[in-house]
Amino acid sequence: MFKKILIANRGEIALRVIVACRELGIKTVAVYSEADENSLHVRFADEDVCIGPPRSADSYLNVPAIISAAEITGADAIHPGYGFLSESAYLAEVCEACHIRFIGPDPAVIKLMGDKSRAKRAMKKAGVPMLPGSDGPVDGEEKALKVAWDIGYPVIIKAVAGGGGRGMRIVKSPAEMGNALRTAQREAEAAFGVGDVYIEKYLVAPRHIEFQVLGDHHGNVVHLGERECSIQRRHQKLVEESPSPALSDKVRRKMGHLVVDAAKAVQYTNAGTFEFLMDTDGKFYFMEANTRLQVEHPVTEMVTGIDIVKEQIRIAAGERLSFKQSEVTFTGHSIECRINAEDPETFTPSPGVIHAWSVPGGPGVRIDTFAHSECTVSPYYDSMIAKIICHGRDRHEAIARMRRTLEMTVVEGIKTTVPMHLKILAEPDFTAGKLSTAFMDRFVVAPKPAGSGSLAEAS
Ligand code: MV4
């Protein structure tokens, strides 16, 4: 087992990895930017190294600085968390060259899944259901029109290097194709340095459902069920839950089997997520695979009782998975609300000093956060300050626990999205489990005279 792990991240996820290391008896190294000197991840790590100025590009994305910090402190592994360098095949390769273990899949698998078009091909070959679309990148308008003609409108243009919505364009008719293609290519080039795009059939208001897998270096792969992540806004997930209200045990077993086989086909190791879109008929289509620990992993932990971060560390150290698929059981229901430092009506960031912070615990409540009274929420980084995860015997109990937890949460000094979550929970469609990626459209801020604007329901 590793003796010391460097955590190449900040905020709640850096603390989450420290928690796992402490339970495993592994020493930790925090890295931090000048903006995070007083952060809890620095306080609770055994050692810490400043890796640069506040801007992410100069600190948390600085591979030489992070590798140097690992070498100076004698860390034998790096956990990248999520975001930042978590899906960097380059960091994984540099780690390999420096004899530092990267806690994640092999660089070749990160590269494969990072190319969304190649990933689709590999998954299709492994028998995973796929939306019809182009086989590989599409460069010219003529080819794009041919693909769209074959599959039918609407279609969606996506960046090969994308994910998370950037470089995407929905095309409803041939007349829109030329502009949409050029815009998507330009956006993709600007955002990722790679202008390649591909085309697939566009589903209107699908559900976003993803499966969690774990694979060890001995050929064992298991799935930990699914998470429903349909409640998003601008490609940022807001609420996630497990199990999905839309899945029967039978479909879960079938889909689980499918993703395990697909993961084995690409020799997937460590933690991974296979994302699907589900249409209104309940049909599944592979969308993309994420080669990192995800923000919403706790909802899976709460229904399975499996500590995904500890498993990631054990797997990276070469250990076998400590359980078989038949030993994975799903108990009750869990829901996560991401609390952001944002104005809940306009969704604009609300950084600053938190003067009072209190979140109640109690049965079935888990809080993953770096926040505390008098802490600073920096404008340099993501605005998520806490995840509230509630578990119950069933979905109804999980929702009731979430509601009372949100109602009893005290945050002073900054604005948060707590009020928005209470509105989501109060929606009849939410309580009925009628979810789709269009769910948040009802909260759009109408074009408004200056000074007004509200989280009012659309007419
Ligand atoms: C789609 C889709 C419908 N059909 N692909 C959004 C994030 C990125 N990972 C892929 N996304 C989507 N892909 C097909 N074939 C719907 C989404 C989607 C979405 C698209 C446009 C505007 C808002 C959206 C919100 C959630 C999901």
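Counting starts at 1 for both ligands and their atoms, in listed order. Note that the structure is predicted; figures quoted are calculated from it, not measured.
For atom 9 (N) of ligand 1, the closest non-hydrogen atom on the protein side is E288 OE1, 3.5 Å. Nearest protein heavy-atom neighbour of atom 27 (C) of ligand 1: T437 CG2, 3.6 Å. Nearest protein neighbour of atom 5 (N) of ligand 1, counting heavy atoms only, is K158 NZ, 2.9 Å. In this structure, atom 23 (C) of ligand 1 lies nearest to the protein heavy atom H235 CE1, 3.5 Å.
In this structure, atom 17 (C) of ligand 1 has no protein heavy-atom contact shorter than 4.0 Å.
Using a 4.0 Å cutoff on heavy atoms, R234 does not count as a contact of ligand 1. For the pair M168 and ligand 1, a heavy-atom separation below 4.0 Å is found.
Residue contact check: E200 has heavy atoms under 4.0 Å from atoms 5 (N), 14 (C), 15 (N) of ligand 1. Contact atoms of ligand 1 toward M287: 10 (C), 13 (N) (distance under 4.0 Å to a heavy atom of the residue). Residue contact check: L131 has heavy atoms under 4.0 Å from atoms 15 (N) of ligand 1. In summary, the atoms of ligand 1 found under 4.0 Å from a heavy atom of Q232, numbered by their order in the structure, are 26 (C).
By the 4.0 Å N-to-carboxylate-O rule, R169 lies close enough to E187 to be salt-bridged with it. A salt bridge links R338 with E240: at least one charged nitrogen is closer than 4.0 Å to a carboxylate oxygen.
Note that R234 lies outside the cation-pi zone of F347, set by a 6.0 Å cut-off to the ring centre and a 45° limit from the axis.
Checked against K237 for a side chain to side chain donor-acceptor pair (under 3.5 Å), the options E210, E336, Q232 give a single hit: E210.
Looking at ligand 1, you won't find any N or O of E275 less than 3.5 Å from one of its N or O atoms. Considering backbone and side-chain N/O atoms, L203 comes within less than 3.5 Å of an N/O atom of ligand 1. Not one N or O of Y202 is nearer than 3.5 Å to an N or O of ligand 1, by distance alone.
Considering only heavy atoms from C-beta on, I335 comes within 4.5 Å of F430 through its side chain.
In this model, no donor atom of one side chain and acceptor atom of the other lie less than 3.5 Å apart for E228 and H208. Residues T300 and R227 bring a donor and an acceptor atom of their side chains to less than 3.5 Å of each other.
Counting heavy atoms closer than 4.0 Å to ligand 1, residue K201 contributes backbone atoms (N, CA, C, O) but none from C-beta onward. With a 4.0 Å cut-off on non-hydrogen atoms, L277 touches ligand 1 through its side chain and not its backbone.
Ring geometry for F274 versus F286: interplanar angle of 30 to 60°, hence tilted.
Atom CZ of R393 sits in a sparse spot, with 12 or fewer heavy atoms from other residues, nucleotides or ligands closer than 6.0 Å.
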Take F84 and Y60, measure what ring pair (Phe, Tyr, Trp, His ring centres under 6.0 Å) needs, and give me the verdict at the end. CA-CA 6 Å; F84 295 125; Y60 297 107; 5.2 Å; yes

